Q: 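Got a structure for you, written out below as structure tokens; questions coming shortly.
What you see is a predicted model; the values in this text were computed from it and never measured. Letters go in sequence order (proteins before strands), and every chain restarts at 1.
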2 protein chains.
Amino acid sequence: MQEKPNLHQVARLAGVSIASASRALTGQSASAETVRKVRSAAKQLGYVPDATARTLRLGGTRQVVFAVDDIGNPNYVAMLRAIEHELGHRGIRLSVSSTGREMKQTLDLVRSLNVGVADGLIISPIRVTPQLRRALEECVVPVVVIGSLDKEVAIDRVRVNSTKAVEMAVAHLVETGRRHIAFINGPLDTNPGAARQLGFETAASHHALSYSSGHMICADDFTAAAGLAAGNKLIKNLKGAGEPIDAIVAANDLIGVGAISACVGAGLQVPTDVAVTGIDDTEIAAVFNPPLTSVSLRAAKRGRQAAQLLLKRFEEPFRDPELLTVDPVLKVRASTLPPQPEGTY
Amino acid sequence: MQEKPNLHQVARLAGVSIASASRALTGQSASAETVRKVRSAAKQLGYVPDATARTLRLGGTRQVVFAVDDIGNPNYVAMLRAIEHELGHRGIRLSVSSTGREMKQTLDLVRSLNVGVADGLIISPIRVTPQLRRALEECVVPVVVIGSLDKEVAIDRVRVNSTKAVEMAVAHLVETGRRHIAFINGPLDTNPGAARQLGFETAASHHALSYSSGHMICADDFTAAAGLAAGNKLIKNLKGAGEPIDAIVAANDLIGVGAISACVGAGLQVPTDVAVTGIDDTEIAAVFNPPLTSVSLRAAKRGRQAAQLLLKRFEEPFRDPELLTVDPVLKVRASTLPPQPEGTY
DNA sequence: TTGTATGCGTTATCAT
DNA sequence: ATGATAACGCATACAA
């Protein structure tokens, strides 16, 4: 931890003007001799140009913030990696903010961008209030949203049809012989929660599945712990109440693994007694016991596209907002093996 | 996305000097009337003071970076949350950098702090080269290290005895009747890897465990996927080679859950045939199938302490460097239930 | 090519 | 209490 020399001192040591020193270092017109002297002086002093001053002069922090509700969710980590990769090439630093469930924190964050700490924002909110929408619209720096926005709004966005993702999960379960399917959703007041709820109800009626309200339950959170708690509650609710379930659709992988744990804890075999599906196809799905069938929402791809959208807007600030859509993909694993293996009879 | 007004425009609209405007907003001496006019003008224009200019004038970015190798590791997420919580109160933004396995990236990051993008650094590196140590020593902003540093160096640090953590895991396994214990470590050229290796060998000799080199294997990474691959390899190695194992100590939870998957895939029951322990006590441990016994390294506590250390150094820049140590705690779960339940015979 | 001088937006110092 | 002005560190338009 030492003191930081400035350009003035470098110039003095090199015996040139501060302007020449600046040019020699930034690679403008300067004589070979000057460049040599300045470089040497800079190295000797350990000079590094100050980012703040440079930013003030040039405009642009070369920094972007990525805001999510819960960075503990592997789904967001996948986005993060993709974004970092895309932006890192351009020498843009990524600042990650895990805003938590408090809407106020999210609002503060978005508004704080107006002070000029970053050149852009990529945000993936699970709850979108009118306030947040306004804050995003009024943001002084370009914004890219990963996810839903309820109302159409003039903001670059990349989305995925998670309603369809749930439908795919249900269809897969029906195809592999399941008929009594329960649904563990996340909180209904979130966008993903609402979309997935719609997906389940649509699929259930499409396949003429009989299900009571007892078959649907909401976890308090999109986490494994909440999934475990919800799973336990679901099993308790169903105990001795009519026909037992033979499958569970979980709103994401974390809830899904929690649900499996709940089943196992209750003496239910997965997939023999009950099949379980997740959503997101996070790393944990492939390595869980049993491996979890999941519908990939292409988090990495969405992250990459969001970063590209932001980069594009930097270059063309007044371009019309773009909406990119990616399609979900089903990944079948052992958690949905048919109760009687196909081809056996 | 609108244009950003500056203080000059606010002052003009309010009909006062720029100096008065500044004072009215920052709460210095100003008449009630002036404050009213300026506030009103600022609100009308949507004025927000520019962070860059303020930083340049005042010094201090009110931003701290947290650098880890892999933000996908829940262990670091726990630290992140704690740090964010501690720093957020003081209005300090946290910028997260996932440097990846490339040492060059880490070096670049540390050096980039010298340009003044942040006021401090909290770093938890798994590999520490002499270069990195030098870069940390020479950093112009305060640094706090979570983890090891090999050689003693004048930097604030919080550590945990992970050697002892492995010893605790082994002791627990021995106490619950296991004698043939394998060890799946992470890469040996990392600090955690080296410390845990020492822990296992110490414990093995202390308990007079007979183990061959075939009982020890290193995963390529501290991830679940690498743990799965290493687990498969371990099981293959051991097949038909003398006495079978009855327990696996994994270098962290992710490797641990990967190892369980490998066991299950090979038809081995956990914990009946083989017990498995992890380290870190991450969220996944509690919800895995079976729940994973793990030694907590108190990630949240270490994160909190690191943040406090940094805050302290901000206030007293020349205080002697401090070294805080937290103790590991064993969390027993179903993955190490005794083969024959205790008290049964 | 080189040096002088100005401005980026803010806050602090100094008179008034 | 208020206004003019300097300064933070850098990059550049302009003159030499």
Q: Return each pair, listed once, that meets ring-ring contact (aromatic ring centres under 6.0 Å, His included) where at least one residue sits in residues 81-117 of chain A; pairs must be two or more places apart or across chains.
A: A/His85-A/His89
Q: Within residues 31-58 of chain B, find the residues that approach DNA chain C with a heavy atom at under 4.0 Å, and present them sorted by residue number.
A: B/Tyr47, B/Val48, B/Pro49, B/Asp50, B/Ala53, B/Arg54, B/Arg57, B/Leu58
Q: Considering residues at least two apart in sequence or located in another chain, which fulfil the salt bridge (charged side-chain N to carboxylate O under 4.0 Å, His left out) criterion with A/Asp50?
A: A/Lys4
Q: Return each pair, listed once, that meets salt bridge (charged side-chain N to carboxylate O under 4.0 Å, His left out) where at least one residue sits in residues 89-101 of chain B; pairs must be two or more places apart or across chains.
A: none
Q: Give me the first and last nucleotide of DNA chain C, going 5' to 3', that has any atom under 4.0 Å from a heavy atom of chain B.
A: C/dG9 to C/dT13
Q: Go through DNA chain D in 5' to 3' direction and return only the first and the last nucleotide with some atom under 4.0 Å of chain A's heavy atoms.
A: D/dG9 to D/dA13
Q: Five pairs at each end of the helix from C/dT1-D/dA16 to C/dT16-D/dA1: take the axis at both ends and give me the angle between them to 10°.
A: 50°
Q: Is there any ring-ring contact (aromatic ring centres under 6.0 Å, His included) pair reaching into residues 35-79 of chain B, and which pairs are they, with sequence neighbours excluded?
A: none
Q: Which residues pass the side chain to side chain contact (heavy atoms under 4.5 Å, CB included) test with A/Ala41, not counting sequence neighbours?
A: A/Val10, A/Leu13, A/Ala14
Q: Mind checking what makes salt bridge (charged side-chain N to carboxylate O under 4.0 Å, His left out) contact with A/Arg36, not counting sequence neighbours?
A: A/Glu33
Q: Residues of residues 19-26 of chain B with any non-hydrogen atom less than 4.0 angstrom from an atom of DNA chain C: list those, numerically ordered, please.
A: B/Ala19, B/Ser22, B/Arg23, B/Thr26
Q: Side-chain donor-acceptor pairs under 3.5 Å in residues 300-310 of chain B, sequence neighbours left out?
A:
residue	atom	partner	partner atom	Å
B/Arg302	NE	B/Leu297	O	2.8
B/Arg302	NH2	B/Leu297	O	3.3
B/Gln308	NE2	B/Glu86	OE2	3.2

